[in-house]
Amino acid sequence: MLKRSLFGAMFAAALIAAAPAPAQQLTVWHDLGDNGQKWFAAMAEDFAKSHPGVTLRATNYPTDQWFGRVTAALNTDTAPDLIFNNYERVIRIVQQTGKVMDMRPVLAGVVDKGFISEGDLRVASFDSKLIIIPIQPTQMALGVRKSWLDRVGEPFPTTWEDVKRVAGKFRDGHPDGDPNGKTFAFALEAAKPRDLIHMLDLFIFGAGLRHTLLDPAGNITIDEPQHEVVLEEFLKTYTTYKFVAPDTINHSFAEMYQFIEGGRGGFFRVGDWNVNKWDSQAINGDFLVGPWPKFFADKANGAVIGGMRGVAVPENSPHKDLAIAFAQYMLTAPAQQASLNIMGAAIRKDLDIAGLSPRRQAFAKPNWTLYAYDFPESVQTWYPELEAAFHQKLMAAISSPPADWKAFIGKTAAEMRELAKQLAAKKG
């Protein structure tokens, strides 16, 4: 009887050992569209090799819906296991919920992480916490239609004077080959604060300057001599030079992309996430990429790291330990290679780029200088209010250009200093 009981116990233990691991499903919410779905599916398949029975359900939401759904879910304890987005968007979730965990202990558990720089960690930090593990720095370079350059007999422009000369030819010379076509030198945007100021960020940082409007100490920068030069020329792009469509003042991201993909703009922003599509669709490879124009002899121009996408774990993640394991996995070579191949960006520097197009290789192994945007909202929580007021001033100037741009910039700087002082005291 004892033998039979012992045998039964051993048999039951063997069955338990042989039984497959219980199935578990992680959930992640993102706003990366179809490519994001493909990327998470590729990672889920690879992750399951080391975590049998674990599946991943990735859900894509338009950005505005992502904010609302994530905020509501975290505040009602119905959170997904992981959230993935740009750093500044996760800041908003942190501010509105306070329920995103500090990822420093998570990152500490990753052995292979030497490719993450101190700058990457600064961008990923907010309110003394690491709120995301940095996964994808997002580079933004200047794009130019190659066929248009060929038709006007110009190489890729390097300096701002070069850009203005070429833009004048784009404006006046019908480089699309249609004398009745409605094309413009630049495809830009302006409708919302982040539309217009984001464009200015690219010109400012691309010229080798720092701090578009506000520095970390709370000082207004727009009337500093070199900043003033870039801001004036930027505003003239919308006005005096007539390099953009007259209704650009109403354009947001969607309208700007329609101009770019519709072949109506000669110069435009190219994000590393755009290149895969634009190589084979829409623009069909008819573009060159390079750094933003050089304005000053003592400053190297470059491309701009305008964001950092990363993964965060809600404090009330349903499968927190497993979510942490997946977040750590996202830094591995297989996950990062999939990120580069599908999304166009990765934080690791040791990936295979041989199969990428020349334009994609330019982002993967850049030979241009890279300048990182400074995310002033991570230092001064009232910055978005200041930026909104700055946007109103610039929009008024674009709608009705001043006779003296320098006087306008000086007056605007004084007003922004007063407003910054008020906001700082109010938020104090």
Side-chain angles (χ1 to χ4, degrees), residues 139-189 199-200 202-209 229-230 232-246 248 251 256-272 274-275 277-304 357-363 366-371:
Q139 291 182 58
M140 289 172 282
L142 179 66
V144 192
R145 291 298 292 261
K146 183 179 184 304
S147 62
W148 290 24
L149 287 173
D150 293 343
R151 286 193 182 106
V152 300
E154 291 279 0
F156 190 97
T158 301
T159 68
W160 177 242
E161 291 305 313
D162 292 337
V163 169
K164 285 198 293 184
R165 183 185 67 254
V166 175
K169 293 182 179 182
F170 285 175
R171 179 193 60 205
D172 304 330
H174 306 291
D176 60 338
D178 181 3
N180 300 311
K182 291 187 176 180
T183 58
F184 299 90
F186 276 86
L188 298 176
E189 56 185 330
M199 293 291 104
L200 178 58
L202 297 178
F203 278 79
I204 289 285
F205 283 81
L209 304 179
V229 169
V230 178
E232 179 176 344
E233 289 298 300
F234 174 76
L235 292 171
K236 285 181 177 178
T237 297
Y238 288 83
T239 56
T240 310
Y241 301 147
K242 302 186 187 307
F243 285 158
V244 301
T248 299
H251 288 184
M256 181 179 73
Y257 271 45
Q258 288 170 9
F259 255 68
I260 297 169
E261 296 186 349
R264 299 184 63 192
F267 288 98
F268 45 90
R269 184 199 71 178
V270 182
D272 48 25
N274 297 132
V275 183
K277 177 183 178 183
W278 289 354
D279 270 346
S280 57
Q281 304 172 41
I283 303 176
N284 293 317
D286 182 24
F287 66 107
L288 302 176
V289 293
W292 292 87
K294 184 179 182 66
F295 276 81
F296 310 107
D298 65 337
K299 297 286 191 303
N301 58 318
V304 181
S357 73
R359 282 171 292 274
R360 296 187 72 193
Q361 289 189 19
F363 284 98
N367 61 9
W368 49 53
T369 303
L370 281 171
Y371 294 107

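Source: prediction; values computed, not measured.
Note that CG of N301 is 7.0 Å distant from OH of Y371, once rounded to the nearest 0.5 Å. Remark: L288 CG to K146 NZ distance equals 6.5 Å, nearest 0.5 Å. The CG atom of L149 sits 4.5 Å away from the CZ atom of F170 when rounded to the nearest 0.5 Å. Considering CZ of R264 and CD of Q258, their distance stands at 9.5 Å, rounded to 0.5 Å. A distance of 4.5 Å separates CZ in R359 from CG in D279, rounded to the nearest 0.5 Å. Taking OG1 of T239 as the reference point, atom CD of E232 lies at 9.0 Å (rounded to 0.5 Å).
Contact between A362 and V289 at its shortest, heavy atoms only, is CB-CG2, 4.1 Å. Between P175 and K169, the shortest heavy-atom distance links the atoms CD-O, 4.3 Å. Summarising the geometry of A207 relative to F296, their closest heavy-atom pair is O-CD1, 4.4 Å, with the distance given to 0.1 Å. In terms of heavy atoms, L188 sits closest to M199 at CD2-SD, 3.5 Å. Counting all heavy atoms, side chain and backbone alike, P291 lies closest to L142 at O-CB, 3.7 Å. Pairing each heavy atom of A167 with each of A185, the nearest pair is O-CB, 3.5 Å.
A cation-pi arrangement is not found for R171 relative to Y241, the charged atom failing to lie both closer than 6.0 Å to the ring centre and inside a 45° cone about the ring normal.
Proximity of the aromatic rings of F205 and W292 is defined here by a centroid distance below 6.0 angstrom, and this criterion is not met. Separation of the F363 and W368 ring centroids falls under the 6.0 Å cut-off.
Residues F234 and I204 are not in side-chain contact: their nearest non-hydrogen atoms beyond the backbone lie 4.5 Å or more apart.
E154 and W148 share no donor-acceptor pair across their side chains, judged by distance under 3.5 Å alone.
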* Would you please test V244 and F186 for side-chain contact (heavy atoms from CB on, under 4.5 Å) and show each step? => CA-CA 5 Å; V244 301; F186 276 86; 3.8 Å; yes
* Asked: Does the pair D162 and T159 meet the rule for a side chain to side chain donor-acceptor pair (under 3.5 Å), with working shown?
  -> CA-CA 5 Å; D162 292 337; T159 68; 3.2 Å; yes
* Applying side-chain contact (heavy atoms from CB on, under 4.5 Å), run through I283 and R145 and close with a yes or a no. => CA-CA 9 Å; I283 303 176; R145 291 298 292 261; 4.0 Å; yes
* Asked: Does the side-chain contact (heavy atoms from CB on, under 4.5 Å) test come out yes or no for R269 and Y257, once each step is laid out?
  -> CA-CA 9 Å; R269 184 199 71 178; Y257 271 45; 2.7 Å; yes
* To do: Would you check, one step at a time, whether the test side-chain contact (heavy atoms from CB on, under 4.5 Å) holds for W160 with V230?
  => CA-CA 9 Å; W160 177 242; V230 178; over 6 Å; no
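For K164, the salt bridge (charged side-chain N to carboxylate O under 4.0 Å, His left out) partners at least two apart in sequence or on another chain are E161, E233.
Taking the six-membered ring for Trp and thresholds of 30 and 60 degrees, W278 and F268 have ring planes more than 60 degrees apart, a perpendicular arrangement.
Around the NZ atom of K242, the shell of radius 6.0 Å holds no more than 12 heavy atoms that belong to other residues, nucleotides or ligands.
Judged by distance alone, the side chain of K294 and the main-chain N or O of K299 form a donor-acceptor pair under 3.5 Å. Looking at S357, its side chain does come within 3.5 Å of a backbone N or O of R360 through a donor-acceptor pair.
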